[in-house]
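Each remark here refers to the structure printed beneath this line.
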Amino acid sequence: MITATANQDHRKAGAGAFRGSVLMVGNFLSAHGVASRQVCEELAGRVAAHGGGAITTSAKLGRIERFADMVSTAWLRRHDYDVAQVDVFSGSSFLWAEAVCWTLRRAGKPYILTLHGGFLPRFFARWPRRGRALLASAARVTVPSRYLLERLVPYREDLILLPNAIDLDLYRFRQRTAPEPHLVWLRAFHRIYDPVMAPRVVALLAGEFPGIRLTMTGPAKDESFDQTRKEAQRLGVDDRIRFEGPVPKSAVPDAMQSGDIYLNTTTVDNMPVTVLEAMAGGLCVVSTNVGGVPYLIEDGVNGLLAPSGDAAAMAGAVRRLLTERGLAQSISLAGRETAGQYDWNTILPRWFDLFTSAAAENGVSS
């Protein structure tokens, strides 16, 4: 699969569902090893692999440089693409999206917005006029979760639910019938994901399960990495926790297989791809019940849920998986079935339909 980079025009001969060219605006940073591979990067590669063109921006490391690259690419490459797809987040990134979309309108190009992030409903509530104006300007607006759909439909009624996707074939499924007390945590070390909670869960279970261990994988984004290590030391479980650092997207399936139970300790979430990846591999997922997670996980069916910040409740959920006969086996299988609903083979044709219909409205045939 191709790795999308800034200002690179990917084209491949052969039949494809969308034969035009798409400008894809988002963070294409995984090649630098500073972020996990984003959905926009996966989408760009698959568009190109099916015969379409994917112009991507931006892979610039600096925030200002990346913003300038997005805007300049939208204008300078305006004769090279038929439709644009723009990722939209809250905070300063929303300003970037506004500027890029203003440029696209000046260029006479239709665009599709893709809304991301558990903070976005809060941002729209604070800036409703800006939110409505941006959404109204787009040919189409997609959201990856029912959570965002329900929270943001007051700002535009015809939002399109188009979930994040994974390549199911990359994830070797191993059904957990009798799981070991081997836990996996795979996110960025950032305070919104509450990594400090993970060693607290281990400490609460260590006396009952002497073999318990935890593998924590991901890049350090703020002070929470050091705080997590200090908390593990304070609780006396640092010898039970292995910190692996960041891994490339291609290594995630193997990283998931280092344990049987996946912990998602986040305080804010939308449509976490890592949860889908854990499910695809057969891990039993224990997650906080924040944001869009309860729309993905049905408690007791394809995972177990606990309140945000409640280490005792999360430890109790892990205990259930390790002690209740048949629970882990049923959750593992149901999780894989859930992940199957988000395979690229199902999601990609819907993207092609969106690109085609948006381009057609602008007089472009594909």
Side-chain angles (χ1 to χ4, degrees), residues 145-147 163 166 168-187 197-217 237 240-242 252-266 269 271-343 346:
S145 69
R146 285 192 291 125
Y147 165 69
I166 62 172
L168 199 65
D169 292 338
L170 297 179
Y171 298 85
R172 176 174 55 87
F173 175 68
R174 177 165 62 86
Q175 189 171 11
R176 271 58 174 189
T177 55
E180 296 290 335
H182 298 164
L183 315 181
V184 176
W185 186 96
L186 198 158
R187 298 296 294 253
M197 184 174 169
R200 293 171 184 163
V201 172
V202 173
L204 289 168
L205 296 169
E208 189 175 353
F209 304 98
I212 193 168
R213 61 178 173 82
L214 167 66
T215 301
M216 301 190 74
T217 303
V237 295
R240 301 175 182 272
I241 301 176
R242 186 171 72 250
V252 168
D254 288 338
M256 286 293 186
Q257 293 299 333
S258 63
D260 292 337
I261 298 171
Y262 180 75
L263 297 184
N264 186 44
T265 56
T266 184
D269 228 326
M271 175 64 182
V273 172
T274 49
V275 169
L276 287 176
E277 292 174 317
M279 289 178 165
L283 281 78
C284 300
V285 175
V286 177
S287 176
T288 50
N289 60 355
V290 300
V293 174
Y295 294 81
L296 179 62
I297 297 176
E298 183 178 354
D299 189 33
V301 177
N302 59 352
L304 295 177
L305 297 175
S308 176
D310 193 336
M314 183 162 277
V318 173
R319 183 181 295 109
R320 289 186 59 194
L321 290 168
L322 296 173
T323 59
E324 290 187 20
R325 188 173 182 178
L327 179 62
Q329 181 175 352
S330 64
I331 283 179
S332 177
L333 182 59
R336 175 71 176 194
E337 292 174 350
T338 298
Q341 301 171 25
Y342 299 90
D343 185 65
T346 299

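This structure is a prediction, so every number in the text was calculated from the model and none was measured.
A donor-acceptor pair under 3.5 Å is absent between the side-chain atoms of Q329 and the main chain of Q175, judged by distance alone.
With rounding to the nearest 0.5 Å, the separation of CZ in R176 from CD1 in I331 is 13.0 Å. From H182, atom NE2 reaches atom CD1 of I212 across 9.0 Å, with rounding to the nearest 0.5 Å. Atom OG1 in T217 sits 8.5 Å away from atom CE in M256 (nearest 0.5 Å). To the nearest 0.5 Å, atoms CZ (R213) and CD1 (I241) are separated by 12.5 Å.
Applying the salt bridge (Lys or Arg N to Asp or Glu O under 4.0 Å) test to every pair with at least one member in residues 320-331, sequence neighbours left out, gives these pairs: R320-E324. Sorted by first then second residue, the salt bridge (Lys or Arg N to Asp or Glu O under 4.0 Å) pairs that include residues 271-285, not counting sequence neighbours, are K249-E277. Applying the salt bridge (Lys or Arg N to Asp or Glu O under 4.0 Å) test to pairs two or more places apart or on separate chains, none has a residue in residues 279-288.
Scored by the side chain to side chain donor-acceptor pair (under 3.5 Å) test, D269 finds R187 as partners (sequence neighbours excluded). Here D169 pairs with D167 under the side-chain contact (heavy atoms from CB on, under 4.5 Å) rule; sequence neighbours left out. Residues passing the salt bridge (charged side-chain N to carboxylate O under 4.0 Å, His left out) test with R242 are E244, sequence neighbours excluded. The side chain to side chain donor-acceptor pair (under 3.5 Å) search around R336 returns none, not counting sequence neighbours. The side chain to side chain donor-acceptor pair (under 3.5 Å) search around T266 returns none, not counting sequence neighbours. For S332, the side chain to side chain donor-acceptor pair (under 3.5 Å) test picks out no residue, with sequence neighbours left out. Checked against salt bridge (charged side-chain N to carboxylate O under 4.0 Å, His left out), R174 has the following partners two or more places apart in sequence or in another chain: D260.
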With side-chain contact (heavy atoms from CB on, under 4.5 Å) as the test, would you mind laying out the steps for Y342 and V273 before giving the verdict?
CA-CA 10 Å; Y342 299 90; V273 172; over 6 Å; no
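Scanning both residues, L263 and W185, for their nearest heavy atoms gives O-CD1, 3.5 Å. For C284 against L321, the heavy-atom pair with the smallest separation is CB-CD1, 3.7 Å. In terms of heavy-atom proximity, V285 sits nearest to M279 at CG2-CG, 3.9 Å. In terms of heavy-atom proximity, A280 sits nearest to Y171 at CB-CB, 3.6 Å. Closest non-hydrogen pair, L168 versus G340, comes out as CD2-CA, 3.8 Å. Among all heavy-atom pairs drawn from G292 and Y147, the shortest one is CA-CB, 3.3 Å.
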Between side-chain atoms of residues 197-211 and protein atoms elsewhere (two or more places apart, or another chain), which donor-acceptor pairs fall under 3.5 Å?
residue	atom	partner	partner atom	Å
R200	NE	E231	OE2	2.9
E208	OE1	R319	NE	2.7

Result block: side-chain N/O donor-acceptor pairs under 3.5 angstrom for residues 297-316, not counting sequence neighbours:
residue	atom	partner	partner atom	Å
D299	OD1	L305	N	2.9
N302	OD1	E298	N	2.7
N302	ND2	L296	O	3.1
N302	ND2	T338	OG1	3.0
D310	OD1	A312	N	3.3
D310	OD1	A313	N	2.9

